[in-house]
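Counting starts at 1 for both ligands and their atoms, following the listed order. Nothing here was measured: the structure is a model prediction, and the numbers come from that model.
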Amino acid sequence: MTSSTTNDRTRHFPPTFLWGAATASYQIEGASTVDGRGPSIWDTFSHTPGAVWNDDNGDVACDHYHRMDEDLDLMADLDIGAYRFSVAWPRIIPDGTGQVNQRGLDFYRRLVDGLRDRDIEPTLTLYHWDLPQPLEDRGGWTVRDTAEAFAAFVEVVARTFGDDVERWITLNEPWCSSWLGYGSGHHAPGIRDIGMAAAANHHLLLAHGLAVPILRETIAQAKVGITLNLSDHRPGSEDPLDVAAARRADGNLNRLFLDPIFHGRYPEDMLAHYSKFSPGFSVVHEGDLELISRPIDFLGVNYYSPVTVVDESRATEARTAGYIVATGDQFPDLCLRGLETPGRDRTAMDWEIQAAGLTALLVHIRDEYSTLPIYITENGAAFDDYVDPNGRVLDFNRVAYLQEHISAVHDAIDAGVNVQGYFVWSLLDNFEWAFGYSRRFGIVWVDFPTGTRLPKESFHWYRDAIASNTVQYAQSPGSR
Ligand code: GCO
């Protein structure tokens, strides 16, 4: 009874849909002391014994600093419409404030020009976690001055690149900078203090709020957005305690960022929860939320995995129901436990694969927050790739992951969500933060430390998707 139309699994994307790839400065550049670059909190952290897997660091990384032309050619070969990269603040203003380092700007000028020469739209992230160390020494994101320093840095970058940059992203994943950096201590600067994390959360958003008008005043046509890492939170059961636990998890990861940006206020339940910690949100000044909620032009969404939780008091029940229950949580104050669904595929990060979570998240953002254009600014997966005896990386699991998630984006478009583009994370295997070089997210294999590049099967698959502006529809198991 199915017609050939309903059997056709080809999903066509809108003609203007933007296909891209993403990277970040500290993860790929290397050259950490070259041409006047100053130290960042990630240099300090990665050189702290035991902080990063295998004591890896970004001193060399993919050596993109010296291999930029080769990487630009890879992008041209892939035929992406846009490239999302970040600029390293310590390359441009090594002390965090004051003196501008022209050689740092020159490097990004070559990159921006190289992209334009190849008809690839530069999408520039102003902050992807490499805070200049001198600013951390004065309190980092726990103090207001850092937001002011960021605004001055943004002005320098905006004046330099102006209209040559197509899209401006103020911050990448401020949740990670604040909650992993100052709360759990898993990321630089490695501090474990919930009250400081909450203060960092606010100062990061303030930095965003200060940056928006600077970009608008400096660049007439600037398209400005922010990138958040968001997830679809589900309770492990319908028990009210588990429903409340999922709400807390959603509050910490999603609502502490989406509510101030789109509704101009912090969520009441989160304010009440964090009022027990100092300084927490007591650092909010009058007028800050007006700054933070100034209109933007698009939202960047990074999605990797759904999150299922129960209240910590219900761990035993969840185990009985067949879940694998985490033994603890990085934020004990939230009193919850993460669940893994047995049998569901996971990536090398141990993250559950569930593409329907992306569709649900996108619909939720549209319903609760905004109909602004959305770009998926990161999505991708780490797997245990290897170069086979024929010299190829046959990463079919990554192809499946991308196919399912891009299909999920298509589902969201079908549901009327204004998704305008997709950036795969990542162009290159790179320094995966606390996991060092042990996790490969690239569609291009990088041989560390020689730096030799080898496009994986997923690169060829993605190139075909871009060329045809379609994917073959796929759904992850158990996604409905
Ligand atoms: C983040 C960052 C990326 C990561 C990627 C995989 O989301 O943590 O934006 O830099 O490498 O997400 O973890």
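Here the protein heavy atom with the shortest distance to atom 10 (O) of ligand 1 is Gln27 OE1, 2.6 Å. Nearest protein neighbour of atom 7 (O) of ligand 1, counting heavy atoms only, is Glu173 OE2, 2.4 Å. Of all protein heavy atoms, the one closest to atom 8 (O) of ligand 1 is Trp129 CH2, 3.1 Å. Looking at atom 5 (C) of ligand 1, its nearest protein heavy atom turns out to be Tyr304 OH, 3.2 Å. Atom 9 (O) of ligand 1 has as its closest protein heavy atom Glu378 OE2, 2.6 Å. If you check which protein heavy atom lies closest to atom 13 (O) of ligand 1, you get Glu432 OE2, 2.6 Å.
Atoms of ligand 1 lying under 4.0 Å from at least one heavy atom of Trp351, given by number and element, are 13 (O). Near Trp425, meaning under 4.0 Å from one of its heavy atoms, ligand 1 places the atoms 3 (C), 4 (C), 5 (C), 6 (C), 10 (O), 11 (O).
Note: Trp433 and His186 fail the aromatic proximity criterion, with ring centroids not under 6.0 Å apart. The distance between the ring centers of Trp19 and Phe13 falls below 6.0 angstrom. The six-membered or imidazole ring of His263 lies near that of Tyr369, with a centre-to-centre distance under 6.0 Å.
For the pair Trp433 and ligand 1, the shortest N or O to N or O distance falls below 3.5 Å.
Electrostatic pairing of Glu352 and Arg344 counts as a salt bridge here, judged by a charged N lying under 4.0 Å from a carboxylate O.
Remark: distances from the non-hydrogen atoms of His128 to ligand 1 include one below 4.0 Å.
Rounded to the nearest 0.5 Å, atoms CD1 (Ile365) and OG1 (Thr371) are 12.0 Å apart.
The ring-ring contact (aromatic ring centres under 6.0 Å, His included) with Tyr26 is formed by just one residue from the set Phe431, Trp89, Tyr65; it is Phe431.
For Asn172, every heavy-atom contact with ligand 1 shorter than 4.0 Å involves the side chain, none the backbone. Contacts between Tyr26 and ligand 1 below 4.0 angstrom, taking non-hydrogen atoms only, are absent altogether.
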Worksheet entry | Stepwise side-chain hydrogen bond (donor to acceptor under 3.5 Å, both in side chains) test for Asn172 and Thr125 | CA-CA 7 Å; Asn172 175 71; Thr125 304; 5.8 Å; no
Fill in: Steps toward side-chain hydrogen bond (donor to acceptor under 3.5 Å, both in side chains) verdict (His64, Asn430)
CA-CA 10 Å; His64 168 74; Asn430 60 47; over 6 Å; no
